[in-house]
Amino acid sequence: MVSGPNLNETSIVSGGYGGPAGGIIPTSSIKDIRMKSRGASLPNSQSAASRLAQQTDQRPGSSNHNSNSPSEEVTRGVAVEKLDSVKKWGINTYKCTKQMFSERFGRGSRTVDLELEAQIDVLRDTKSKYENILRLATALIDHFHSMVQTQQALGDTFTDLSQKSPELQDEFGYNAETQKLLCKNGEALLGAITFFVSSINTLVNKTMEDTLMTIRLYENARLEFDAYRSDLEELSLGPRDAATMVRIEMAQHDYQIHRDKYERLRSDVTIKLKFLEENKVKVMHKQLLLFHNAISAYFAGNQQQLEQTLIQFNVKLKPPGSDKPSWLEEQ
């Protein structure tokens, strides 16, 4: 091993640079020079670094790492969920539209429950006819209400004239009583017909409409079921490579989901149609009997029978002088 000068003790510098030519500058002197040269910069550097660190710490919302806050994670999750929902909706809409046009132009098959479809057609036809009953009965109320008001005004006029015409007091008097009696019976009949219309309106626009809403859901489910069934059948007829098998498996899964939904809604429609038919018969039996008895009693002039009809069917008449509008006036 070649021995040489200890560089830890001395450093060799070329002549003419800060010392005697060819001389040796002691290590301690070099250390002093280095310390002096560094002394001017280190405190400033440390001070600048300290200020930068303090500014970073004091800056609002600053962080020493790039992790996201919980609110940002939640927002991102909601956005991804919405995007996925829109994507599924778009695919489902495309498949259903394709199936609908295929059925319309005779190129696609559709699932048909003949018995259930016949019951649905009967319900829609029945609802249309009951709506016509509602329109006619409402018109009858309007016309009859005008007649009762005319009778009321006529009776008041007869009463006034009976007091101012002594020579015709009796004649005006019994005509006034007749008109008032007719007006009273007319109000009773109006109450019965109004009760009839209100009950039919509930049956048509609430009970039947609720069943028809379920039917619309069932029809949409049927279209979706046939759309995914057709999609699965098309894939099954194609090549059986790895990628296609994955798509077939996914299509089979979607098909099963929509099949279960279709069968569940078909069962719901069947049950609702059954209960609707029972409810319709019960309601119409009561309301048609009320309508017949009230009309017959009024035009027969049988006031007692008319009053008994109102009691029998628990029809509450509007109190005289009441300013509250009736159910028909609110529509």
Side-chain angles (χ1 to χ4, degrees), residues 77-132 134 200-240 243-284:
V78 171
V80 171
E81 183 178 354
K82 288 183 177 180
L83 183 61
D84 185 59
S85 177
V86 171
K87 180 180 178 181
K88 290 181 179 179
W89 174 84
I91 295 174
N92 186 73
T93 302
Y94 166 76
K95 291 181 181 294
C96 291
T97 304
K98 178 182 176 182
Q99 176 66 24
M100 182 176 62
F101 279 104
S102 297
E103 293 176 4
R104 182 168 299 177
F105 292 105
R107 295 195 299 266
S109 61
R110 68 185 297 264
T111 303
V112 179
D113 188 327
L114 295 177
E115 182 180 357
L116 188 59
E117 294 291 336
Q119 293 177 5
I120 292 173
D121 290 340
V122 169
L123 171 59
R124 287 183 168 136
D125 183 63
T126 301
K127 185 174 184 289
S128 176
K129 292 177 179 178
Y130 278 30
E131 287 173 341
N132 190 42
L134 273 176
I200 303 302
N201 178 72
T202 300
L203 175 65
V204 172
N205 293 319
K206 291 186 179 180
T207 309
M208 287 185 178
E209 186 59 33
D210 177 72
T211 302
L212 287 172
M213 177 63 71
T214 305
I215 289 173
R216 285 190 283 270
L217 294 175
Y218 157 74
E219 291 173 341
N220 290 337
R222 196 280 309 165
L223 182 63
E224 290 179 347
F225 166 66
D226 282 336
Y228 283 88
R229 175 184 56 79
S230 299
D231 188 47
L232 177 61
E233 291 174 352
E234 290 179 4
L235 288 173
S236 299
L237 295 176
R240 295 302 184 94
T244 304
M245 292 304 296
V246 172
R247 294 179 60 190
I248 291 176
E249 184 178 354
M250 295 176 61
Q252 180 70 38
H253 175 73
D254 293 338
Y255 162 80
Q256 189 62 44
I257 291 176
H258 288 86
R259 179 182 178 181
D260 294 341
K261 180 181 178 182
Y262 163 73
E263 292 180 348
R264 182 179 69 254
L265 284 169
R266 181 175 61 179
S267 176
D268 291 345
V269 169
T270 302
I271 294 172
K272 284 198 172 186
L273 284 172
K274 178 182 178 181
F275 283 112
L276 174 61
E277 182 64 23
E278 296 175 355
N279 186 50
K280 182 194 72 176
V281 172
K282 181 180 178 180
V283 169
M284 293 306 298

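In this text the structure is predicted, and so the values were computed from the model without any measurement. Excluded from the calculations below are hydrogen atoms, water molecules and symmetry mates; all remaining heavy atoms, backbone and side chain alike, are included.
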Practice task
Might you work through the side chain to side chain contact (heavy atoms under 4.5 Å, CB included) test for Asp210 and Leu276, ending with a clear yes or no?
Solution key: CA-CA 10 Å; Asp210 177 72; Leu276 174 61; over 6 Å; no
Fill in the blank from the handout: Hits for side-chain hydrogen bond (donor to acceptor under 3.5 Å, both in side chains) against Ser230, two or more places apart or cross-chain, chain-then-number order -> Gln99
Practice task
Supply the atom-to-atom distance Leu123 CG to Lys272 NZ, rounded to the nearest 0.5 angstrom.
Solution key: 11.5 Å
Handout entry: Side-chain touch Ile248/Met245, heavy atoms, less than 4.5 angstrom
Key = yes
Problem - Flag side-chain contact, heavy atom, 4.5 Å: Asn220 against Leu265 - result: no
Handout entry: Contacts of type side-chain hydrogen bond (donor to acceptor under 3.5 Å, both in side chains), residue Arg259, not counting sequence neighbours
Key = Glu263
Handout entry: Residues Glu278 and Lys282 bridged, charged N to O under 4.0 Å
Key = no
Practice task
Mind checking side-chain contact (heavy atoms from CB on, under 4.5 Å) for Met213 and listing every partner two or more places apart, or none if nothing turns up?
Solution key: Arg216
Practice task
Please examine the side chains of Val204 and Lys127, heavy atoms only from C-beta on, and report whether any two atoms are closer than 4.5 Å.
Solution key: yes
Fill in the blank from the handout: Sorted by chain and number, sequence neighbours left out, side-chain hydrogen bond (donor to acceptor under 3.5 Å, both in side chains) with Glu233 holds for Arg229
Handout entry: Contacts of Lys129 that satisfy side-chain hydrogen bond (donor to acceptor under 3.5 Å, both in side chains) - sequence neighbours left out
Key = Asp125
Exercise for the section: Write down the atom of Arg222, the atom of Thr111, and the distance for their closest heavy-atom approach. Expected result: CD-O, 3.4 Å
Handout entry: Set of residues satisfying side-chain contact (heavy atoms from CB on, under 4.5 Å) with respect to Lys280, sequence neighbours excluded
Key = Thr126, Tyr130, Leu203, Met208, Glu277, Met284
Problem - Point-to-point distance, once rounded to the nearest 0.5 Å, from CG of Leu217 to CG of Leu212 - result: 11.0 Å
Problem - For Glu115, all residues meeting side-chain contact (heavy atoms from CB on, under 4.5 Å), sequence neighbours excluded - result: Asp113, Gln119
Just list the side-chain donor-acceptor pairs under 3.5 Å for residues 249-258, sequence neighbours left out, or say none.
residue : atom : partner : partner atom : Å
Gln256  : NE2  : Asp260  : OD1          : 3.1
His258  : ND1  : Asp254  : O            : 2.9

Practice task
Report the distance from atom OG1 of Thr211 to atom CD1 of Ile271, rounding to the nearest 0.5 Å.
Solution key: 11.5 Å
Completion exercise
Rounded to the nearest 0.5 angstrom, the OH-CD1 distance for Tyr218 and Ile120 is 5.5 Å
Practice task
Please lay out, stage by stage, how Lys206 and Thr202 fare under the test side chain to side chain contact (heavy atoms under 4.5 Å, CB included).
Solution key: CA-CA 5 Å; Lys206 291 186 179 180; Thr202 300; 4.2 Å; yes
Handout entry: side-chain contact (heavy atoms from CB on, under 4.5 Å) partners of Arg264, counting only residues at least two apart
Key = Lys261, Asp268
Exercise for the section: Could you grab the distance from atom CD1 of Ile200 to atom CD of Glu131, nearest 0.5 Å is fine? Expected result: 12.0 Å
